[in-house]
Every structure is written in structure tokens, then in C-alpha cells.
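The structure appears below as C-alpha cells.
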Amino acid sequence: MAFNDLLKQLGDIGRFQQIQVTLVILPLLLMSSHNTLQNFTAAIPTHHCRPPAHANLSEDGELEAWLPRDRQGRPESCLRFTSPPWGFPVANGTEANSTEATEPCTDGWIYDNSTFPSTIVTEWDLVCSHRALRQLAQSLYMVGVLLGGTIFGCLGDRLGRQKMLILSHLQMAVSGVCAAFAPSFPIYCTFRLLSGMAASGIVLNSVTLNLEWMPIHTRAHVGALAGYVFSLGQFVLAGVAYAVPQWRHLQLLVSVPFFAFFIYSWFFIESARWYASSGRLDLALKALKRVAQINGKQDEGAKLSMEVLQSSLQKELTLGKGQASAIELLRCPTLRHLFLCLSMLWFATSFAYYGLVMDLQGFGVSIYLIQVIFGAVDLPAKLVCFLVINHLGRRPAQLASLLLAGICLLVNGLIPQDQSIVRTSLAVLGKGCLASSFNCIFLYTGELYPTMIRQTGLGMGNTMARVGSIISPLVSMTAELFPSMPLFIYGTVPVVASIVTAFLPETLGYPLPDTMQDMKNRRRGRPQRRQQEQQKQMVPLQASARERNGL
């Protein structure tokens with residue numbers, strides 16, 4: 001695999017890699033904001049029925065007289081009395097009929113605006129019988145992420161990583177701003193779906209573009225950096241949401257910066273590895289010469305020519321021609337094995353992750369505080385994951401993160417409901433493990449698939465993750481049958497998925513595969529290395545034997 005040698009000759013981790021990796025990763029700071037934005041823009045404030053128009057609310061206790069109480073003594077959110085049972089006079093001076101019959105909130109709701117002055121819930125009354133519409137908006141966003149993973153993943157392999165980044169940044173900026181000015185709920189959902197598609201395009205193409213421009217020994221570092229930037233975005237979201245509680249202003253604030261990302265993404269250098277695998281050697285040569293110039297390696301760049309590139313990348317050019325489609329993931333036995341195993345890992349990670357992070361109000365503490373805690377736990381969790389990835393390998397890191405997350409969630413389901421501190425601590429620990437699993441699965445997937453189908457493979461993995469995030473909210477509805485049922489389900493899936501990692505090869509220390517032949521060679525790599533070491537050990541023995549014979 002000569003491409004890694006070319007990167008080292010042209011500066012290894014030079015000025016180009018430092019600048020482009022930084023600029024490519026920067027938009028990820030706001031990606032976590034969009035993924036969990038509805039924790040704040042769709043927060044449900046305390047609410048109760050609005051009394052009828054003829055009610056005389058000037059009397060003390062008149063409002064409470066219209067509101068029945070639940071078992072905890074709190075006012076019901078979705079019911080009111082047809083008339084006050086205490087017989088307060090109404091506006092026309094007559095005595096109200098003293099009954100305890102109830103009815104839905106036909107005159108709307110009164111919301112407590114002290115924490116959330118404006119959300120899509122209060123603006124479009126997404127409560128009570130319309131409560132499911134709130135979750136529909138988030139599910140449609142995840143449907144968009146699913147569609148984007150499939151569409152932008154395939155287009156990234158056919159048209160290039162940079163073009164898809166440019167398009168995705170523009171789509172995120174436009175759809176996000178339009179969602180902030182949406183006049184109705186259906187229009188808002190439409191633009192959220194488009195934002196989800198753009199989010200997939202940004203994440204997938206950012207990971208791949210960085211992966212293909214970095215030498216072997218730095219890939220884990222770049223993956224860890226991207227993970228930390230994503231986690232830092234959770235702190236940014238908590239601070240911005242606290243400072244800007246109006247949902248339209250918050251939506252606008254996290255969307256406008258993508259116009260700047262769109263502008264500077266035009267200056268990215270397309271992946272030379274993708275150019276070579278696509279048979280466009282002239283553009284690969286141009287990209288490599290430009291990188292050499294930026295890195296101050298003009299002499300090395302001047303040595304490059306079409307003949308040198310053809311000689312160095314002969315295998316990639318002969319075996320990697322043509323574009324692989326998503327069908328190849330099922331048609332080829334080796335790719336099918338990878339696809340099925342990785343799909344389970346993506347699904348389990350996303351399924352359990354969004355089951356936790358999209359229910360911040362269920363923890364019974366400040367939603368801003370729990371957002372900060374969820375972001376803070378990522379820092380040590382991802383550091384430990386990085387150390388395991390770099391020293392023990394990708395497979396142990398993936399297995400441990402999923403297994404520990406599942407155990408935390410299963411144990412959490414056994415803890416009594418009144419022990420909120422213990423339950424919250426276990427949930428936070430489980431969330432940190434799932435965040436580490438996400439960090440690992442992006443890197444692991446990119447290293448397992450060959451260049452000719454890497455973006456498609458990442459896209460299909462991301463698609464399976466979105467299937468998990470769409471199904472996850474539906475599982476939370478099982479709490480009506482048994483309060484701890486969602487946690488048992490969220491915990492079982494990662495534990496089962498952790499077993500799948502045993503069927504995947506290790507990628508620590510291996511170059512990125514460019515072709516199907518590279519994948520097959522990697523599976524036989526360990527025996528080959530042992531044979532080569534044995535041959536090296538035999539060389540001095542044979543030499544000494546020849547010397548003795550000569551004597």
C-alpha cells in the first residue's frame with residue numbers, strides 16, 4: 001500500500017493536514033447541537049387547561065377550582081372540570097353547577113414560561129392528545145439522517161468527498177434557518193428532515209476525508225479529536241440554550257454558522273486516495289503536488305510524475321477501477337460479513353444512546369445541568385477509549401464500550417425509582433460508554449472497508465444507526481406497562497451487539513485497504529507476518545552455516 005508512503009514523503013502531518021483537519025472537524029462542534037436540539041426547542045413546560053372564557057378568574061382560588069388533581073396532588077395537565085365543584089360564581093353572576101365531571105382542554109392551555117418562554121410545544125400546543133407530534137418532529141429528523149446516510153454515502157464514493165461536504169454545509173445552513181422561520185408545524189418538520197439529511201452528509205464525508213489524508217499512526221488521534229469536538233458541542237448547546245431560551249432564536253443561532261462552513265469548504269483539497277481509486281490519476285497527482293507545496297516539500301513534490309504515481313499505485317489502479325454500489329455489500333461474501341456485523345454495532349449504539357439523551361426531562365433535575373453532565377462524562381470516557389484503541393486495538397475498545405453500557409442500563413432498571421442519584425449516575429456512566437462506542441465505530445468502520453466502497457459502507461452503517469434512533473423513542477412508550485422496561489430493552493441490545501465484535505478483524509497498525517484484495521490480505525496478515533519474522537530469523541543462521549562451510 002504505497003499511498004501511506006507517499007503521505008510520509010510529502011510531509012506526514014504537515015501544515016496541510018493540520019489546517020484541513022481542523023477546518024473539517026470544526027462544524028462537528030454544532031452537529032451535537034442539531035442532534036439533541038429538541039431537548040430545548042421542544043421542551044414541555046408545566047401546563048394545565050385554560051378555564052372557559054366565561055370563568056371569573058378575579059376570585060381567589062377560582063383557577064384552581066377548575067383543575068382536578070392527580071394522585072400526587074398536582075393539577076391535571078389535560079383535564080378540567082366542566083364546572084367548578086365549589087360553586088364559584090361565573091361572570092354573569094349565576095352559581096356554577098357543582099359537579100366533578102371533567103372534559104379535555106377545549107380552550108387551550110396555560111404554560112409556565114419561567115424556564116422555557118417559547119418552544120414548539122407552546123407555540124403549536126403539542127401536548128396531551130397532540131403530544132406524539134413532538135416526538136414525530138425528532139423522528140423525522142432522524143429519518144432525514146437515515147436518508148442522508150444512504151444518499152450522501154453513495155454520492156461521496158461517486159462524486160467525491162469535498163463536493164458532498166460543500167452541498168451538505170449549504171443544505172444545513174438553508175434548512176436550519178428556514179426551520180427557525182417556519183410558520184407551521186408541518187413546514188418545520190420538513191426543514192428538520194432536510195437538516196437531518198445534511199447532518200449525515202457532513203459527518204460521513206468529514207470522517208472519510210480526514211481519514212484518507214492522514215498517515216496510519218495518526219488515524220486514532222484524529223478520530224479522538226473529532227469525538228472531543230462533538231462532546232464539546234454538548235457544552236456549547238447547554239450554554240447557548242440557557243442564554244437564548246426562545247426556540248426560534250436558538251434554532252437560528254446554531255444554523256447560521258454553516259454558511260461560513262459552506263464558504264471555506266470550497267478550499268478543501270479532495271482526497272487523492274479517492275482520485276486514484278476512481279482512476280483519475282491526473283487529479284490525484286495535482287492534489288499531491290499541492291499538498292507538497294503547502295507542507296514545504298516542494299522538492300518531493302517535483303519528483304512526482306504520472307509515471308511515478310502509476311508505478312507506486314499500480315495495484316490500486318488495476319484492482320480498484322470502477323465504482324462499487326451498495327449492492328456489493330450484500331453480493332460479496334467478505335463485504336457482506338462486514339456489513340452485517342457493523343450494522344448490528346451501529347444499530348445498538350444509536351438505539352441505546354438516543355434512548356438516554358432524548359429524555360433529559362425525565363431525570364428530574366435541571367435540563368441544562370444534565371446536558372452539561374452528559375457532555376462532561378464524555379471527556380474521561382473518550383480518553384480511556386482512545387488509549388484502548390491506540391494500545392490494545394479497535395476491537396477490544398468496541399466490545400468493552402458496548403458491554404459496559406449495556407450492564408449500566410440493565411442495573412439501572414433494577415434500582416428503585418426513588419433513588420434518583422444512583423439512577424442518574426448509572427445513566428451518565430452508560431452514556432459515556434455509548435459515546436465512546438460512537439467514537440470507535442466511526443474509526444473502525446472507516447478502516448475496515450476498502451476505499452472503493454468506504455463512503456458507501458459508512459453511509460449504510462449510519463443508516464442502521466438512524467433506524468435505531470427512530471425505533472428508540474417507541475421503546476420509551478413501554479414504560480406505561482412497566483416503568484423499567486425501556487432500560488431493560490436499551491441495555492440488552494448493546495450487550496448482545498458486543499458479542500458481534502468477536503467476528504470482526506483487528507485494524508490496529510494496518511494500512512487502509514484500497515481494494516478487495518487488500519481486505520483478503522489483511523485477514524491473512526498475521527500468519528504472513530509470523531512467516532516473514534521466521535524468515536528473517538533464518539537469514540543469520542543460514543549465513544553462519546555458509547561461513548562454516550566456507551571455512
Side-chain angles (χ1 to χ4, degrees), residues 1-11 14 16-17 19-21 23-24 151-169 201 204-216 219 265-295 297-298 300-329 332 335 446-447 449-459 511-519:
M1 300 194 187
F3 192 83
N4 192 66
D5 298 328
L6 287 177
L7 288 179
K8 290 182 178 180
Q9 293 174 10
L10 301 181
F16 160 74
Q17 279 83 359
I19 294 174
Q20 178 147 310
V21 166
L23 294 179
V24 168
I151 296 172
F152 288 114
C154 295
L155 290 179
D157 278 333
R158 293 184 175 276
L159 302 179
R161 290 52 163 134
Q162 184 202 16
K163 292 185 179 67
M164 291 302 101
L165 270 180
I166 293 173
L167 176 61
S168 299
H169 286 146
L204 294 178
N205 289 282
S206 296
V207 169
T208 306
L209 187 60
N210 281 341
L211 202 63
E212 294 180 346
W213 271 121
M214 298 302 292
I216 295 173
R219 294 199 304 254
S265 59
W266 285 88
F267 299 98
F268 291 156
I269 299 179
E270 181 58 273
S271 167
R273 186 187 292 270
W274 174 79
Y275 277 141
S277 295
S278 302
R280 305 166 74 177
L281 205 58
D282 55 333
L283 295 178
L285 177 62
K286 183 178 179 181
L288 289 169
K289 283 182 172 291
R290 189 176 170 192
V291 168
Q293 182 179 7
I294 296 174
N295 285 344
K297 296 286 185 177
Q298 288 87 349
E300 295 293 336
K303 297 177 183 178
L304 291 177
S305 63
M306 291 292 289
E307 292 75 17
V308 172
L309 230 56
Q310 285 176 345
S311 175
S312 300
L313 303 178
Q314 184 177 4
K315 180 180 60 177
E316 287 82 350
L317 293 172
T318 55
L319 299 180
K321 288 183 178 180
Q323 296 293 338
S325 65
I327 301 298
E328 292 296 325
L329 293 175
C332 174
L335 288 176
E447 291 181 338
Y449 283 117
T451 301
M452 59 186 293
I453 201 169
R454 179 172 297 121
Q455 193 74 346
T456 301
L458 272 168
L512 284 180
D514 288 306
T515 65
M516 289 298 301
Q517 188 62 41
D518 291 338
M519 290 180 58

Distance from [X] atom [atom1] to [Y] atom [atom2], nearest 0.5 Å?
{"X": "R290", "Y": "L288", "atom1": "CZ", "atom2": "CG", "value": "12.0 Å"}
{"X": "L159", "Y": "M164", "atom1": "CG", "atom2": "CE", "value": "4.5 Å"}
{"X": "I19", "Y": "F268", "atom1": "CD1", "atom2": "CZ", "value": "11.0 Å"}
{"X": "R280", "Y": "L285", "atom1": "CZ", "atom2": "CG", "value": "14.0 Å"}
{"X": "Q20", "Y": "M214", "atom1": "CD", "atom2": "CE", "value": "10.5 Å"}
{"X": "L283", "Y": "Y275", "atom1": "CG", "atom2": "OH", "value": "5.0 Å"}

Minimum side-chain heavy-atom gap [X]-[Y] below 4.5 Å:
{"X": "W213", "Y": "V291", "answer": "yes"}
{"X": "L204", "Y": "R161", "answer": "no"}
{"X": "T208", "Y": "W274", "answer": "no"}
{"X": "V24", "Y": "N205", "answer": "no"}

Of all heavy-atom pairs between [X] and [Y], which one has the smallest distance, and what is that distance?
{"X": "L209", "Y": "S271", "result": "CD1-N, 3.8 Å"}
{"X": "I269", "Y": "A287", "result": "CG2-CB, 3.9 Å"}
{"X": "G201", "Y": "L165", "result": "O-CD2, 4.3 Å"}
{"X": "A284", "Y": "A272", "result": "CB-O, 3.7 Å"}

**Message:** Can a side-chain donor-acceptor contact be found between N295 and Q17 if the only test is distance below 3.5 angstrom?
**Reply:**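 A pair is found: one side chain offers a donor N or O, the other an acceptor, under 3.5 Å apart.
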**Request:** Not counting sequence neighbours, which residues clear side chain to side chain contact (heavy atoms under 4.5 Å, CB included) with I166? List them please.
**Result:**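 Side chain to side chain contact (heavy atoms under 4.5 Å, CB included) list for I166, sorted by chain: Q162, F262, S265, W266.
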**Request:** Give the C-alpha distance, both sets of side-chain angles, the deciding distance and a yes or no for side chain to side chain contact (heavy atoms under 4.5 Å, CB included) between F267 and L23.
**Result:** CA-CA 10 Å; F267 299 98; L23 294 179; over 6 Å; no
